[in-house]
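Following: one structure in structure tokens, then a few remarks.
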2 protein chains.
Amino acid sequence: MNRPKPKLSRIAETLGVSVATVSNALSGKGRVSPELVERIRATAAELGYVPSVAGRALRTGRSGVLGLVLPNIANPLFPQIAQAIEHAAAGAGYGVLIANSRGEISTQTEAIGRLIERGVDGIVIVPRRGTRIVEAGCPIAVIDSPSTPGNTVSADHWEGGRRMGAHLRELGHRNVLLIGNNTTSNVQSDRIGGLKAGLGPNAATETLWIERLEAAGGAGCPLGLVEKVRGGVTAIATLSDLTALRALTELQGAGISVPDTVSVTGFDDLIWSSVVTPRLTTMRMDMGSIAEIAVTALVDAIEGDRRGNGGEETSGPVSAPISKVPMELVIRQSTGVAGVGSLKAKNRTEGELAS
Amino acid sequence: MNRPKPKLSRIAETLGVSVATVSNALSGKGRVSPELVERIRATAAELGYVPSVAGRALRTGRSGVLGLVLPNIANPLFPQIAQAIEHAAAGAGYGVLIANSRGEISTQTEAIGRLIERGVDGIVIVPRRGTRIVEAGCPIAVIDSPSTPGNTVSADHWEGGRRMGAHLRELGHRNVLLIGNNTTSNVQSDRIGGLKAGLGPNAATETLWIERLEAAGGAGCPLGLVEKVRGGVTAIATLSDLTALRALTELQGAGISVPDTVSVTGFDDLIWSSVVTPRLTTMRMDMGSIAEIAVTALVDAIEGDRRGNGGEETSGPVSAPISKVPMELVIRQSTGVAGVGSLKAKNRTEGELAS
DNA sequence: TTAGGCAGATTAAACGATTAATCACCTTCA
DNA sequence: TGAAGGTGATTAATCGTTTAATCTGCCTAA
């Protein structure tokens, strides 16, 4: 059991051929007779040969590693993104190096720098809202929103919003409260725009921004939803499942029934959306497709550098053939027909504990 | 602006010295006169020199990259872990390559293999429950539970449970429902054990396992908490915030007040715990310390290979001086004194309940 | 005076893979 | 018979860094 990491030269001397031939056989590039290729493959497998990434990287100038920069690694959406990117990258033969930018814009630049120093071939980045990445010294795939300049691919947030709005309209909701986090996010503006379009011109909407509310009331302060419901709101459409959850518990804690009295919707289909009671109606992103498109575009740019355009190094955002990926409406239990259990009917319905 | 990636030799010829001297000066290893070191440092900075990871890796045999394997990348705890590990690794000068094992045991082995092929110097792994990692061809830091053999470091889940139990006992709870996911997790057994110890011998406890419940009732099925509360349970201690959330909404949806009628506790302090109403009392892990200890132990093993024990390569789980990190009790609004708003009191005010 | 020692540099050999250039040999056709 | 062409393999250079070994003066002590 004394095999100190077999290298090309070991295979070569085992078979009595040159390293170059072994390399050619394994990569299928040079001219090697079919039967020799077969023998080389066999002994390589037998010896458990694993090419040295370092050696290859040094020679070819490419590391086979992609960087992944996320705006806020603690974001509950992160697992989905990371998993999807990792999977897509692995499929294309790339590894994924992570870096977080902790929401700070300076840290984001620094994180990119660290990745470059580590020799990544390309970077997938979900930019901090309001940031625009232009240059970085290597190809970049930007996942933000279709309305962001330089965006490579993302979910079709506007259309997602529109369909969610339509869903509520079809249920008869005409007085809807919209809740977002902050006004500067392109993703959130897209969703809001779509939501309003889907609800149609006959619906009355009001928009609440949590960031503003908390600036006054402190983090985690009540959103004052009970008053809104008393004021006639029959549906609350949030721009994130986290907010939906916050709304849901605030309402339930006040004894307001969801969805009988008021419907609640979210966005993103986060992990808990399907375990809470009532299970959350939400709009899911197809992270798999998004990741696949982003990684493919990136890899094309990386490998195109070597082949096609002689020496013209891509450096900056790449573009993909498809840049908007449809979202999927997941109808569960938190939305219902408007007016079923209006606040007046509340006492009667709540009495039936066993229902 | 024509700087095609300055390398050592460029600095060398700019100053008219040899590459070796430059290398020595920059690494502080050989013998170089202080003033020359200074000059070399200066021109290196001026030229914007960045060492080639590939070249260094090839020569030293070390890549400066750590692998991170997670049992289920979709786990809501993942962001915290990934962020902490990435931060600790960056502090030690290492990058982090991610790999997910999608919960499958075979995928976990395969993920480890891919990391090794990419030349990682060490691996941090949160093993799938029930798995035991013995060998992998490089140093490994295992983050599981103190009662797992081969564990490197983890939170003190038992003590965390004990303190949570004590908290409930002090509030007067003597009839407590425990909810876990599955019986095979060491982490969960530790927490349950501690919980029972903390509640003391005078408390009656019953344990619910979600995995079993769902095997019969389907994923996301009701946990039947209302009946338990009717049966006299005054507190529900869950082994995860996700479960706590599930319990909380199930109770609230049925019109049961938390914490007046029943207290609910979680574990892990996940992102939403502080935004739901009532905010969740939970037990937080110090992921920062855990990650720091894991990475330090790993780096010691990696760099010790080269120096101390000549040629004796560490390969497999490493151990750390401190292996149990205290958890922090976060008391918020979901726990209260037992018996404040018992179901009987509730019945009297709100009228009789059906069935 | 000279051997020894040391500081401060240089030389040169790796590390493992890729690849352009070259070579030896065999066919084939003029 | 000999030149051209093709096939299958080899040679050798190269990627950028590290590091053991070596070299060159110069200072000191015997």
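Reminder, nothing fancy here: chain letters follow the sequence lines and each chain counts from 1. Everything numeric in this text was worked out from a predicted model, so none of it was measured.
Between A:Asp121 and A:Ser63, the side chains place a donor N or O and an acceptor N or O closer than 3.5 Å (distance only, hydrogens not considered). A donor atom on one side chain and an acceptor atom on the other are found under 3.5 Å apart for A:Ser289 and A:Asp286. For the residue pair B:Ser106 and B:Thr109, no side-chain donor N or O sits within less than 3.5 Å of a side-chain acceptor on the partner.
Side chain of A:Leu36, nearest nucleotide from D:dA9, C:dA17, D:dT18: D:dA9. Side-chain atoms of B:Leu58 lie closest to C:dG16 of the nucleotides D:dG8, C:dG16, D:dT10.
Residue B:Arg56 is in sugar-phosphate contact alone, with no base atom involved, counting any heavy-atom pair closer than 4.0 Å across all strands shown. As judged by a 4.0 angstrom heavy-atom cut-off over every strand, B:Thr21 is placed among the base-contacting residues. Residue-level contact check: B:Ser23 touches the bases, meaning some heavy atom is under 4.0 Å from a base atom.
Counting only distance, with no hydrogens or angles, the side chain of A:Ser52 and the backbone of A:Gly55 share a donor-acceptor pair below 3.5 Å.
Straight-line distance from the CG atom of B:Leu15 to the P atom of C:dA9: 11 Å, rounded to whole Å. To the nearest angstrom, C1' of D:dA9 lies 10 Å from CD1 of A:Ile40. As a whole-Å value, the separation of A:Arg31 CZ from D:dT10 P is 13 Å. Distance B:Leu8 CG to C:dT11 P: 15 Å, rounded to the nearest Å. When the P atom of D:dT10 is taken as reference, atom CG of A:Asn24 falls 10 Å away, rounded to whole Å. Distance B:Arg10 CZ to D:dT17 C1': 17 Å, rounded to the nearest Å. The interatomic distance linking A:Arg62 (CZ) with D:dG16 (P) rounds to 15 Å, in whole Å. Rounding to whole angstrom units, NZ of residue B:Lys5 and C1' of D:dT17 are separated by 17 Å.
A sub-4.0 Å separation between OP1 or OP2 of D:dT14 and a side-chain N or O of A:Arg59 is absent. OP1 or OP2 of C:dT19 sits under 4.0 Å from a side-chain N or O of A:Lys29. Contact check, B:Ser18 against C:dA9: no side-chain N or O comes under 4.0 Å of OP1 or OP2. Dashed line: the shortest gap from a side-chain N or O of A:Ser33 to OP1 or OP2 of D:dA9 is under 4.0 Å.
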Carefully, step by step, assess B:Glu86 and A:Arg114 under the rule salt bridge (charged side-chain N to carboxylate O under 4.0 Å, His left out).
CA-CA 12 Å; B:Glu86 197 269 345; A:Arg114 277 214 310 275; 3.0 Å; yes
